[in-house]
K.L.:
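Let me begin by handing over the structure; questions about it come next.
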Amino acid sequence: MVKLSKEITFEIEPIPPYSFELTIRKPAGWPLFTPLEIYDKGIIWTAAHIHGLLTGIKLESRGTTEQPKMAAALFLKNVPKQELLEGIMRCLIHDLAADEDLAEFYELARRDCILRHAVVDLYGMHSTSPSTIFPDAALAILLQMTTLKRSNEMMNCLIRRYGEVADFDGKKIPVWPLPKRIAKIEAPDLAKACNLGYRARHMANLAQKLTSEAFPSMEELERLEPEEAKRRLLELPGIGDYSADIINPHGGFPIDAWSADVFGRLFFGEEPKDRRKAIEGIKREGLRRWGKWSWMAFLYVVQDLEKLSMKLGMELRLE
DNA sequence: GCGTCCAGGTCTACC
DNA sequence: GGTAGACCTGGACGC
């Protein structure tokens with residue numbers, strides 16, 4: 001447990017449209033920074049490592065989708081130097097996608113027969129992202145070759161057992177462990193502790209690679225060309241095409257066996273007979289159709305399956 | 001009960 | 001360069 005008693009408050013004014021509720025709490029239940037964060041009556045308490053410091057984060061909307069404004073409070077162990085503090089604030093604003101302009105995507109979406117419905121249903125929803133590579137990479141590994149139920153069990157175990165707990169503002173939030181913590185654990189011990197199976201080897205190797213070598217940070221990956229960022233991500237153990245598309249800060253079109261059903265129906269009118277074999281073709285069609293906005297399109301579709309099913313007259317589901 | 005199959009991919013050996 | 005097979009584990013399914 002790490003007591004974070006130093007509080008710094010500031011205000012964030014996102015680029016409109018920005019829906020606080022849809023962005024912070026995705027309809028499909030995707031968390032902001034950790035699956036164990038707390039959301040209650042329009043306020044979220046979450047935590048993450050930002051610029052190497054465990055940071056408690058409290059956010060509350062003070063505006064509307066058209067005139068968005070957020071009250072933000074950071075909780076830290078000690079008050080950092082001004083330069084570092086400003087870096088943490090900038091990073092949080094970027095992670096919350098408050099600096100993201102949706103205008104170009106919405107222009108494309110309104111001319112697209114699938115997306116035009118989703119952008120109405122989810123007006124003002126943005127794509128948030130973590131500041132570090134490990135949480136998304138670890139999640140991607142835990143999603144491989146198993147059920148969603150077991151993925152969640154493995155993820156919660158990893159966080160509760162090896163992650164720190166941020167204690168601030170009367171809340172206790174467990175966060176993703178740092179790779180340097182996981183790198184010290186032998187793969188068989190990791191497998192036994194959290195029932196990771198063969199994924200433990202990937203997890204241990206991933207943590208070691210991220211700590212022992214000068215691997216680019218998320219910020220540095222974002223400065224690279226999208227293809228180059230993906231090429232670097234594919235160097236990570238246990239990270240293949242699908243996982244790299246989840247992690248890539250430039251976005252990708254991460255089609256797995258389940259989303260192949262959804263996008264197969266949307267693009268070609270039917271679910272593929274062989275999901276794995278169909279992935280490549282579905283991915284190609286998504287990238288052709290939506291280009292650099294493929295990730296945003298993917299996000300809007302998977303977050304809007306229920307309403308899209310009704311509007312398009314087809315059953316779309318992810319499980 | 002018990003055996004078999006397969007799941008929100010990736011890696012490796014083999015051709 | 002392409003591809004089959006292995007990989008932990010546990011729930012679903014058929015018998």
Side-chain angles (χ1 to χ4, degrees), chain A residues 26-31 35 127 130 133-159 161-162 176 179 182 185-210 215 230-248 251-267 271-287 294-295 297-306 308-309 315-319:
Chain A
K26 297 282 186 300
W30 295 8
S127 170
I133 293 170
F134 188 69
D136 268 4
L139 172 66
I141 288 174
L142 298 181
L143 283 172
Q144 294 166 14
M145 276 298 287
T146 189
T147 57
L148 205 51
K149 178 175 172 284
R150 187 168 165 221
S151 290
N152 284 326
E153 287 167 359
M154 291 187 282
M155 179 172 61
N156 285 336
C157 174
L158 204 66
I159 292 173
R161 196 167 180 120
Y162 302 111
W176 277 96
I182 301 299
I185 306 165
E186 296 292 332
D189 295 335
L190 207 51
K192 200 174 167 189
C194 287
N195 199 19
L196 298 193
Y198 76 92
R199 299 167 200 80
R201 193 166 23 93
H202 290 324
M203 192 68 70
N205 292 341
L206 168 73
Q208 280 159 18
K209 175 124 183 153
L210 288 175
F215 195 82
K230 181 159 178 177
R231 192 189 66 74
R232 295 305 309 268
L233 286 167
L234 288 171
E235 293 173 11
L236 295 173
I239 301 302
D241 188 75
Y242 165 74
S243 301
D245 276 353
I246 288 183
I247 308 164
N248 197 340
F253 199 58
I255 296 299
D256 57 24
W258 285 100
S259 50
D261 278 354
V262 169
F263 287 93
R265 295 201 83 165
L266 287 173
F267 293 158
E271 289 182 359
K273 290 181 179 60
D274 185 326
R275 290 166 165 172
R276 294 197 192 283
K277 281 185 182 161
I279 285 174
E280 201 181 325
I282 291 170
K283 191 163 177 143
R284 199 167 38 243
E285 173 59 14
L287 292 169
S294 294
W295 165 254
F298 176 89
L299 180 72
Y300 267 74
V301 168
V302 299
Q303 298 294 332
D304 195 37
L305 292 180
E306 203 176 321
L308 269 183
S309 295
E315 193 186 351
L316 302 168
R317 56 193 162 76
L318 272 179
E319 55 180 329

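On a predicted model such as this, the values are computed, not experimentally measured, just so you know. Heavy-atom basis, side chains included; hydrogens, waters and symmetry copies ignored.
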K.L.:
Write down the partner of dG2(C) under the Watson-Crick or G-U wobble criteria, each distance required to be under 3.5 Å.
P.N.:
dC14(B)
K.L.:
Could you work out the separation of dG10(C) and dC11(B) based on their P atoms and round it to a whole Å?
P.N.:
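It comes out at 24 Å once rounded to the nearest Å.
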K.L.:
I want to check one thing: is the phosphate of dC8(C), taken as OP1 and OP2, less than 4.0 Å away from some side-chain N or O of Asn195(A)?
P.N.:
no
K.L.:
Counting only side-chain N and O atoms of Thr146(A), is one of them less than 4.0 Å from OP1 or OP2 of dC8(C)?
P.N.:
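Indeed not, no polar side-chain atom of Thr146(A) lies that close.
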K.L.:
For Ala191(A) and Lys277(A), take the nucleotide of DNA chain C holding the closest heavy atom to each; which residue's nucleotide lies nearer the 5' end?
P.N.:
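It is Lys277(A), whose closest nucleotide lies nearer the 5' terminus.
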K.L.:
In whole Å, I'd like the distance from the CE atom of Met145(A) to the C1' atom of dC6(B).
P.N.:
7 Å
K.L.:
Counting just side-chain N and O atoms, does Arg201(A) come under 4.0 Å of either OP1 or OP2 of dC7(C)?
P.N.:
no
K.L.:
Heavy atoms under 4.0 Å, any strand shown: does Ser243(A) hit a base, just sugar-phosphate, or nothing?
P.N.:
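The residue Ser243(A) makes sugar-phosphate contact but no base contact.
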K.L.:
For Gln144(A) and Ser243(A), which I'm curious about, is there any donor-acceptor pair between the side chains at under 3.5 Å?
P.N.:
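On atom types as modelled, these side chains qualify, holding a pair under 3.5 Å.
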K.L.:
Rounded off to whole Å, could you give me the CG-to-C1' distance for the Asp241(A) and dG9(B) pair?
P.N.:
10 Å
K.L.:
I'd like to know if Asp256(A) pairs up with Arg275(A) as an ion pair, taking the criterion as any Lys NZ or Arg NE/NH1/NH2 lying under 4.0 Å from an Asp or Glu carboxylate oxygen.
P.N.:
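Salt bridge absent between Asp256(A) and Arg275(A).
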K.L.:
By the 4.0 Å heavy-atom rule, please label Pro254(A) as base, sugar-phosphate, or nothing.
P.N.:
nothing
K.L.:
For the pair made of CG in Leu196(A) and P in dT9(C), what is the distance, rounded to whole Å?
P.N.:
10 Å
K.L.:
Atom CG of Leu236(A) to atom P of dT10(B): distance rounded to whole Å?
P.N.:
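In whole Å, dT10(B) P and Leu236(A) CG are 12 Å from each other.
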K.L.:
How many Å lie between OH on Tyr242(A) and C1' on dT10(B), as a whole number?
P.N.:
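Interatomic distance, OH of Tyr242(A) to C1' of dT10(B): 13 Å.
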K.L.:
From C-beta outward on Lys149(A), which listed nucleotide comes closest to its side chain: dG11(C), dA7(B), dT10(B)?
P.N.:
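Among the listed nucleotides, the one closest to the side chain of Lys149(A) is dG11(C).
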K.L.:
Please give, in whole Å, the distance from dC11(B) P to Arg199(A) CZ?
P.N.:
14 Å
K.L.:
Rounded to the nearest Å, what distance is computed from the CE atom of residue Met203(A) to the P atom of nucleotide dC11(B)?
P.N.:
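Between P of dC11(B) and CE of Met203(A): 13 Å.
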K.L.:
Give Ile239(A) one of three labels, base, sugar-phosphate or nothing, depending on what nucleic acid heavy atoms sit under 4.0 Å from its own.
P.N.:
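Answer is sugar-phosphate: Ile239(A) comes under 4.0 Å of backbone atoms only.
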K.L.:
Roughly, in whole Å, what's the span from CG in Leu143(A) to P in dC8(C)?
P.N.:
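Distance check: Leu143(A) CG to dC8(C) P gives 18 Å.
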